[in-house]
Amino acid sequence: MPFSAPGAPSLGTAAQRLQEWFSVHARDLPWRSTRDAYAILVSEVMLQQTQVDTVVPAYREWMGRFPDLGTLAEASQEEVLKAWEGLGYYARALNLQRSARLILEHHGGRVPREDEELLALPGIGRYTAGAVQSIAFDLPRAAVDGNVERVLCRFLDIDTPARDRRNQILFGRIVREMMEENSPGDLTQALMELGALVCLPRKPRCDGCPFGGLCLARSRGTVSKRPVPRPRKPTQAIQASVAILTDGERIFLQKRPPEGLMANLWEFPGGKLEEGETPRAALRRELFEELGIKVRGEKKVGTIRHAYTSFSVTLHVYLARMNGSESLPDPSGNLALPSGWFTPEEARRLPMPAANVKILARWVEEPD
DNA sequence: CATCCGTGGGA
DNA sequence: TTCCCAAGGAT
């Protein structure tokens, strides 16, 4: 227990300073003006791997459309995914809806507060359970996110990866001990706020840190080495071709499979280039394989670069005007995926991946 | 334990 | 431009 060893920083003093700092510097975020456990849960799921500035507008919109568990439970999958558009990790949205339904069915419509009940809900793991327990119910449970890991790795000058099991157990103990003399909800948010505003990944503002000399990394001059970075896989570059198929009024979109990358979202048809294949050849091949059609006269309108977590895609975008002499893909036929012809207005209401939203805006809604 | 799962912003 | 990475979870 290094934190109670002689010479280790005093947790009681640190917690007290942190709370005083938070009472002055806490941002006015929309989920901080409610005690509604559902609202807290929504904010925490949205905030998983997603920055506050991205979440705030989406959170406001979501709470306007799905103000309680019941409205979320009754919504269509399409509505839920559309409300999540642009946030990424789309399984979070459907898991949240499934959780809402389970809470209504098994917990009387009240967000549960016990470990086992919360962790049994889809999309709620150790972090989110602890965040809901501490922030919504003021229970002394740790919520250790990337911010808290960074803060504690520096505070204790941890020289092993933050994700190591030993460190995670240590962090949980530290946080719970800091909660003994403080509001668990405030302490959870204060630790994360410190990581977001002061104990920054690259240029930490140690001058403004309430921990001051209590921080071991700071006193030892190792702040820039903490937390120790985790090795990262090289990103892979991929090229793909997509088609804006149009009959003059409508465009053709297809729905992605219910599992895997960007599941259930609608997108323009196309696919990846094979080894040595040109973008145009790939487009024609994919449209024949997927839709059974042979396009001609397609015109390249541009390219879009889009970065995912472990790979980057260059999308070659083509406009193919079907003039009636070609056969059109038939959504009512035996295509592998659900599909349809949509006006631009209809398409805009469908949930789509960010890169496809760009294509829609750039070459369908505002063509040259 | 490693990998998959998105996106946008900052440096 | 490129790289990093953010209020993680599921498998």
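Closest to the A:Pro353 side chain, of the nucleotides B:dG6, C:dC4, B:dT7, is B:dT7. Nearest nucleotide to the A:Arg202 side chain, out of B:dG10, C:dA7, B:dG6: B:dG10. Among the nucleotides C:dA7, B:dT7, C:dG8, the one closest to any side-chain atom of A:His306 is B:dT7. For A:Tyr308, counting side-chain heavy atoms from C-beta on, the closest listed nucleotide (B:dG6, C:dG9, C:dA7) is B:dG6. Looking at the side chain of A:Tyr127, the nearest of the listed nucleotides C:dG9, B:dC5, B:dG9 is C:dG9. Candidate nucleotides B:dT7, B:dC5, C:dG8 were compared by shortest atom distance to the side chain of A:Gln49, and C:dG8 ranks first. When distances are taken from the side chain of A:Gln51 to each of C:dT2, C:dA6, B:dG6, the shortest belongs to C:dA6. Comparing atom distances between the A:Arg27 side chain and each of B:dC1, C:dG8, C:dA7 picks out C:dA7 as nearest.
Of the side-chain N and O atoms in A:Arg150, one or more sit less than 4.0 angstrom from OP1 or OP2 of C:dA6.
Atom P of C:dG9 sits at a distance of 22 Å from the matching atom of B:dG8, rounded to the whole Å. Rounded to whole Å, the P atom of C:dA7 lies 15 Å from the corresponding atom of B:dA11.
When each of A:Gly88 and A:Arg165 is assigned the nucleotide of DNA chain B with its nearest heavy atom, A:Arg165 is the one assigned upstream, toward the 5' end. Between A:Ile124 and A:Arg32, the residue anchored closer to the 5' end of DNA chain C is A:Arg32, taking for each the nucleotide with the nearest heavy atom. Checking A:Lys203 against A:Phe311, the closest nucleotide of DNA chain B that is more toward the 5' end is the one next to A:Phe311.
Heavy atoms of A:Met262 sit under 4.0 angstrom from primed sugar atoms or phosphate atoms, though from no base atom. Among the heavy atoms of the strands lying under 4.0 Å from A:Pro122 are primed sugar atoms or P, OP1, OP2 only; no base atom is included. Nucleic acid contact for A:Leu96: none, since no nucleic acid atom lies under 4.0 Å from a heavy atom of the residue. Within 4.0 Å of A:Trp31, counting heavy atoms only, lies at least one base atom of the nucleic acid. Counting non-hydrogen atoms under 4.0 angstrom, A:Ala354 reaches the backbone sugars and phosphates but no base. Nucleic acid contact class of A:Ala143 (heavy atoms, under 4.0 Å, all strands): none.
Following chains of ILVMFWY side-chain contacts shorter than 4.5 Å, one cannot reach A:Phe288 starting from A:Tyr318, and the two form parts of different hydrophobic clusters.
No N or O donor and acceptor, one from the side chain of A:Thr128 and one from the base of C:dG9, sit under 3.5 Å apart. Between the side chain of A:Thr54 and the base of B:dG8, no donor-acceptor pair under 3.5 Å is found.
Side-chain contact, A:Gln239 with A:His316: a donor N or O sits under 3.5 Å from an acceptor N or O. There is a side-chain donor-acceptor pair under 3.5 Å between A:Gln189 and A:Arg32.
If you take CG of A:Leu197 and P of C:dA6, they are 14 Å apart, rounded to a whole angstrom. In this structure, A:Gln236 atom CD and B:dC5 atom P are separated by 12 Å, rounded to whole Å. Atom-to-atom, CG of A:Leu47 to P of B:dT7 comes out at 17 Å; the value is rounded to the nearest Å. B:dG8 atom P lies 10 Å from atom CD of A:Glu85, rounded to whole Å. As rounded to whole Å, 13 Å separates atom P of B:dG6 from atom CD of A:Gln48. Here the C1' atom of nucleotide C:dA10 and the CG atom of A:Leu261 are 15 Å apart, to the nearest Å. In this structure, OH of A:Tyr89 is placed 10 Å from P of B:dC5, rounded to the nearest angstrom. For the pair A:Leu29 CG and C:dA7 P, the interatomic distance rounds to 12 Å; values are reported in whole Å.
Note: A:His25 and A:Trp21 have parallel aromatic rings, judged against thresholds of 30 and 60 degrees for the angle between ring planes.
Atom-to-atom distance recorded for A:Ser76:OG and A:Gln97:CD is 8.0 Å, nearest 0.5 angstrom.
Within the 4.5 Å cutoff, the side chain of A:Trp31 has no heavy atoms near those of the A:Ile135 side chain. Between A:Trp266 and A:Glu78 there is a side-chain heavy-atom pair separated by less than 4.5 Å.
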